[in-house]
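In what follows, a structure is listed as structure tokens, so that the remarks can point back to it.
Every heavy atom of this structure was used, including side-chain atoms; hydrogens, water molecules and symmetry mates were not.
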Amino acid sequence: MKSFNQIFTVTALSLMVCACGGGGSSATPQGKSSTLTINKDNVLNIGNTVTLGVDCDNCKNIQYKWTFDINNNGQFGDTVLIDDVPVSDKEFLANSYTLLQDDFGVKLKIDVNATINGVSHSEYVVYQPSIAEGIYTSTRYLAVKKTDDSLVSWLGGSQNIDKLDDIKTVFETEFGFAANKTNGEFVTWGTSKRQETSPEVSNVTHFYSNQGGAFAALKADGTVITWGNEYAGGNSQAINDQLVNVKNIYSAKNAFTALKANKTVVSWGAAGSGGDNSSVNHLLVDVEKIAENEVAFAALKGDKSVVTWGELNFGGHSDHIRSELVGVSDVYSNRTKFYQTYQNGTDFIAIKDNGDVISWGADVYSSGLLKRVKSIPGAKEVFSTWGAVAVLTQDGNVEMWGDLDVGDASQLDRPLSGVKTIVANANAFSALKSDGSIINWGNPGCGGENSTTKSLTGIIEVVASECSFVARNRDGGLVAWGDHNSGGNMSAVEAQLKSTKLLKATQAGFIALQNNGSVLVWGYDSELSSELQSLLEPKDYVLESSF
């Protein structure tokens with residue numbers, strides 16, 4: 001296969017199966033006698049009509065056969081079982097075809113048969129589409145994976161463009177990306193970049209990073225590899241003998257905690273960020289779940305008690321309420337994904353079986369109190385902004401507490417009932433209701449108002465940047481609101497907007513992957529350079545030919 005940097009597109013694409021005069025790119029090796037030339041007039045992408053033609057002296061009885069490798073096994077014209085269901089390649093005879101959704105990114109083989117001066121000739125060419133099929137985001141970085149296993153990533157504003165080939169799997173984290181390559185390499189980039197080919201980073205199943213610039217890779221055998229800022233957890237050599245049979249890893253600002261298969265816990269990194277659990281290690285048994293804020297961790301145990309460690313003032317100290325942290329069904333932190341927020345993640349919130357919801361830590365929600373308890377029968381899930389908490393109940397109602405500028409929902413003209421889920425940005429909430437409508441509250445400048453969204457129906461997803469929201473409906477349509485600089489205004493891309501199948505947010509904007517493989521980016525500093533636009537646009541190229 002040609003490398004990513006060898007992908008090429010010719011306007012009014014003319015692909016030469018073999019050269020017999022005429023212009024354009026030729027797939028004929030130098031010195032090969034010319035007999036037949038095939039012209040393809042469009043890119044192989046959904047909705048495009050592609051017409052084939054030939055330039056050939058004395059050609060008669062010309063026939064084109066199209067074969068799409070629908071089952072994606074590298075063979076053309078066969079049937080294979082996928083999840084016990086037979087999947088056949090698509091074959092037909094035609095000189096023109098309009099590509100359907102099923103043809104998205106699929107390799108295509110064109111066989112041409114013709115009679116030249118009374119002699120039958122048969123040749124073929126295989127095309128590889130290079131179309132966006134996946135989008136990934138970290139706090140500020142974006143990445144797009146294409147159907148030819150190439151990947152493009154960049155910092156908002158078309159900076160620090162990286163181009164990678166032969167990508168098998170992509171992992172996204174809050175502060176960077178990682179990828180398994182088909183040759184076994186494991187590559188990370190974003191906050192920092194590291195390429196590794198040694199066996200120690202093979203067979204990675206999950207990847208983690210933190211704000212301090214440390215990285216951790218969890219391997220299939222349950223062991224862990226770390227690198228990056230040693231202070232923040234980038235060096236785990238001292239505890240490598242304990243990092244076995246690991247099931248999950250949690251990231252604070254400058255520390256990591258691993259939950260093992262035997263339900264014990266290992267922490268490392270900066271002690272003040274939760275990297276030292278020695279004071280409570282004897283209690284960290286039968287652990288079911290861990291929540292993390294910027295500088296502390298909270299573990300929910302099988303007996304429904306909670307153990308905390310890390311920065312004492314930010315929830316790492318819970319001795320004063322240990323008798324109350326019993327009968328706990330779930331535990332959360334108020335940490336948001338917007339890492340530049342003031343004191344981002346200073347509290348923990350526990351939901352108890354008896355309907356009490358209790359928070360502790362710096363507790364910006366309760367005027368500096370050591371704890372806050374509120375009775376919310378049926379409490380199910382917790383969502384947080386910078387200064388407020390929304391609790392969703394089992395019956396779809398919402399209870400609030402905290403900063404009234406962010407969390408006051410009392411003036412809404414519709415009830416907060418029938419809510420399916422809640423999305424929070426730094427200063428506002430948006431509730432997606434079961435009937436496909438949405439209702440917003442909080443800071444109006446960050447999307448906490450309803451003038452734009454009051455009549456929306458059929459909404460299936462809402463995502464948030466730091467100060468705006470975007471909703472996607474069941475037909476793939478998008479609506480944005482909130483601060484224009486962080487993506488609340490889509491006017492720059494509205495003319496290109498079609499049906500969206502994937503939607504994601506960064507801290508300062510949004511990226512959408514549309515059904516035809518085109519990519520839209522909008523928000524602060526989101527104008528794409530001509531180089532980046534060229535790398536992202538749909539293309540195809542010759543993968544193989546018979547001459």
Side-chain angles (χ1 to χ4, degrees), residues 134-145 151-157 159-162 164 167 169-180 186-196 201 204-218 224-236 248-258 267-270 272-275 290-297 310 333-346 384 386 425-426 463-466 486 504-511 523-526:
I135 53 176
Y136 306 88
T137 61
S138 67
T139 302
R140 297 180 63 207
Y141 278 80
L142 304 95
V144 173
K145 186 176 183 294
L151 185 140
V152 183
S153 74
W154 69 99
L155 185 66
Q159 304 175 59
N160 300 346
I161 299 172
D162 277 313
L164 300 168
I167 299 300
T169 307
V170 180
F171 304 98
E172 61 182 358
T173 72
E174 190 173 359
F175 300 103
F177 302 111
N180 279 326
F186 185 72
V187 183
T188 64
W189 70 103
T191 305
S192 65
K193 185 173 181 178
R194 180 197 200 212
Q195 286 200 358
E196 267 296 350
V201 290
V204 171
T205 59
H206 295 84
F207 170 68
Y208 308 87
S209 66
N210 63 29
Q211 189 177 339
F215 299 89
L218 177 58
V224 176
I225 302 297
T226 59
W227 66 94
N229 184 346
E230 294 191 8
Y231 166 80
N235 187 338
S236 59
N248 203 357
I249 296 176
Y250 304 85
S251 306
K253 182 177 181 179
N254 288 302
F256 294 107
T257 285
S267 300
W268 69 99
S273 190
I290 294 174
E292 71 272 47
N293 64 27
E294 285 288 87
V295 289
F297 296 93
S333 85
N334 68 327
R335 189 183 191 186
T336 74
K337 66 178 181 179
F338 314 113
Y339 73 98
Q340 293 177 331
T341 60
Y342 176 70
Q343 292 184 335
N344 182 21
T346 60
S384 301
W386 287 2
N425 66 26
V463 299
S465 69
E466 185 174 50
S486 63
K504 292 198 172 184
T506 66
Q507 181 148 326
F510 301 90
I511 180 171
Y524 176 73
D525 199 23
S526 61

Shortest non-hydrogen contact from [X] toward [Y]:
| X | Y | result |
| --- | --- | --- |
| A464 | A505 | O-CB, 3.2 Å |
| A214 | G234 | CB-N, 3.5 Å |
| S273 | F297 | O-CE1, 3.7 Å |
| T226 | A216 | CG2-CB, 4.0 Å |
| S138 | G176 | CB-N, 3.5 Å |
| S333 | S384 | O-OG, 4.0 Å |

Test your reading of the model: is there a side-chain donor-acceptor pair from T205 to the backbone of L218, 3.5 Å cut-off?
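Confirmed, T205 side chain pairs with L218 backbone.
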Below 4.5 Å, heavy atoms only, C-beta onward: do [X] and [Y] meet side chain to side chain?
| X | Y | value |
| --- | --- | --- |
| W386 | E466 | yes |
| W268 | N235 | no |
| L142 | I135 | no |
| E174 | T139 | yes |
| T346 | N334 | yes |

Spacing of [atom1] belonging to [X] relative to [atom2] belonging to [Y], to within rounding of 0.5 Å:
| X | Y | atom1 | atom2 | answer |
| --- | --- | --- | --- | --- |
| I225 | F186 | CD1 | CZ | 10.5 Å |
| L151 | L164 | CG | CG | 6.0 Å |
| D162 | W189 | CG | CH2 | 7.5 Å |
| K337 | T137 | NZ | OG1 | 7.0 Å |
| S267 | I290 | OG | CD1 | 7.0 Å |
| F338 | S465 | CZ | OG | 6.5 Å |

Taking it one step at a time, do F171 and N180 satisfy side-chain contact (heavy atoms from CB on, under 4.5 Å)?
CA-CA 8 Å; F171 304 98; N180 279 326; 3.7 Å; yes
Using the ring-ring contact (aromatic ring centres under 6.0 Å, His included) criterion, which residues pair with W154? Sequence neighbours excluded.
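Here no residue qualifies.
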Y208: partners by ring-ring contact (aromatic ring centres under 6.0 Å, His included), with sequence neighbours left out:
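Applying ring-ring contact (aromatic ring centres under 6.0 Å, His included) to Y208 gives none.
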Report the residues that fulfil side chain to side chain donor-acceptor pair (under 3.5 Å) with [X], sequence neighbours left out, ordered by chain and then residue number.
| X | result |
| --- | --- |
| T173 | S209 |
| S251 | none |
| E172 | K504 |

Test ring-ring contact (aromatic ring centres under 6.0 Å, His included) applied to F207 and F175, F215, F177, the passing residue:
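That would be F215; it is the only one of F175, F215, F177 passing the ring-ring contact (aromatic ring centres under 6.0 Å, His included) with F207.
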Qualifying residues under salt bridge (charged side-chain N to carboxylate O under 4.0 Å, His left out), relative to K145, sequence neighbours excluded:
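Once residues adjacent in sequence are excluded, the partners of K145 under the salt bridge (charged side-chain N to carboxylate O under 4.0 Å, His left out) criterion are E133, D149.
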